[in-house]
Amino acid sequence: MEIVILPGRTEIGMMAADVIESLLDRKPDAVLGLATGSSPLPIYNELVRRYRSGVLSFAEAKAFTLDEYIGLPDQHPELYREVIRREFTRHVDFAEDKVHGPDGFGVDLSGACNSYEDQIRAAGGVDLQILGIGTDGHIGFNEPGSSLGSRTRIKTLTEQTRRDNARFFDSLDSVPKHVLTQGLGTIMDSRHILLTARGLNKAEAVRELAEGAVTALCPASVLQLHPHVTVFLDEAAASMLALADYYRHSFQHKPLWQGL
Ligand code: GLP
């Protein structure tokens, strides 16, 4: 796991967009894993900017989103498939039918989860997965207690996550209690994982993710077992890391040929 501590959202957006641009240069039909939430927004903004200036195209790319609420009416603005369209994909040349998400509308939800896994597999797996992290250490919607090998399935949100996400809804009562989410095992199958976090409210979760024990109590800690994880943090999110100086030192002295 490589921890990169950056001054703020602009630098995080630029550096993450560099990683995605270089992937698309090598592999224009790359499969991207897209996350919702506020953390990836600087990345999406920078990707949109680069698309508009003609340096980047998503015309051949595919995308899979991480998770989805169950129980919101069709076209509700907080459905993650709407959020990802609004925040990112409709501003670039992503084909609508190449952006996939778990389908929380059918009667057979567990069938929908299995078929989502099949779709990801059929696309050749995710080349680059973008992730945020919840204050309770969740990734996707894998709440504490999630099996470290879990696949796409139905989860019940913790009250902490519902409170955190209430800012996007009229009231806490309107936040769904259930979701579909890629499992931790699904996320771990991605070839490169790029997690980003900003702000003091993420500092504890980030410490547990990077320096705590690998435990279902902090689902993101499973990423310690992944061979290629890059974590972009601002100073506040990095403020509880015991080895912060070492991460700064190693990034400063990183040979250019090593890449991210
Ligand atoms: C949400 C999403 C996650 C996201 C997390 C943090 O519940 N399901 O994918 O990473 O919470 O959100 P934010 O980036 O807004 O802090």
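Numbering of ligands and ligand atoms starts at 1, following listing order. The residues of the chain are indexed from 1 along the displayed sequence. Just so it is clear, the model here is predicted, and its values are computed rather than measured.
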Check the pair Asp136, Glu143 against side-chain contact (heavy atoms from CB on, under 4.5 Å), reporting the backbone distance first and the verdict last. CA-CA 7 Å; Asp136 63 0; Glu143 296 285 31; 2.6 Å; yes
Worked verdict on Asp127 versus Leu23 for side-chain contact (heavy atoms from CB on, under 4.5 Å): CA-CA 8 Å; Asp127 290 298; Leu23 169 66; 4.0 Å; yes
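Under a 4.0 Å criterion applied to the non-hydrogen atoms of Lys202, ligand 1 contributes the atoms 6 (C), 13 (P), 14 (O), 16 (O). Under a 4.0 Å criterion applied to the non-hydrogen atoms of Asn165, ligand 1 contributes the atoms 1 (C), 7 (O).
Nearest to atom 4 (C) of ligand 1 by heavy atom, out of Asp67, Thr65, Thr36, Ile130, is Thr36. Counting only non-hydrogen atoms, the option in Gly140, Ala220, Gly132 that gets closest to atom 3 (C) of ligand 1 is Gly140.
In Tyr80, the part holding a heavy atom less than 4.0 Å from any atom of ligand 1 is the side chain. Within the 4.0 Å heavy-atom criterion, neither part of Val179 lies near ligand 1. Under 4.0 Å from ligand 1, the heavy atoms of Arg167 that appear belong solely to its side chain.
Residue-ligand proximity: Gln182 is placed with every non-hydrogen atom at 4.0 Å or more from ligand 1.
Looking from atom 14 (O) of ligand 1 to the surrounding protein, the closest heavy atom is Ser39 OG, 2.5 Å. Protein heavy atom nearest atom 6 (C) of ligand 1, with residue, atom name and distance: Ile133 O, 3.5 Å. Of all protein heavy atoms, the one lying nearest to atom 5 (C) of ligand 1 is His138 NE2, 3.6 Å. When hydrogens are left out, the protein atom nearest atom 12 (O) of ligand 1 is Gly37 CA, 4.0 Å; that is the closest non-hydrogen contact. Protein heavy atom nearest atom 7 (O) of ligand 1, with residue, atom name and distance: Phe141 CE2, 2.9 Å.
With respect to the salt-bridge test (charged N to carboxylate O, under 4.0 angstrom), the residues Glu96 and Arg85 qualify. Using a cut-off of 4.0 Å between Lys/Arg side-chain N and Asp/Glu carboxylate O, Lys202 and Asp234 are scored as not salt-bridged.
With hydrogens and angles ignored, the 3.5 Å screen pairs no side-chain donor or acceptor of Arg9 with any backbone N or O of Ile43. A side-chain donor-acceptor contact under 3.5 Å links Glu68 to the backbone of Arg81. Glu11 places a side-chain N or O within 3.5 Å of a backbone atom of Gly8 that can act as its donor or acceptor partner.
Within a 6.0 Å sphere centred on OH of Tyr246, other residues, nucleotides and ligands contribute 12 heavy atoms or fewer.
Aromatic pair Phe88/His91: ring centres not closer than 6.0 Å.
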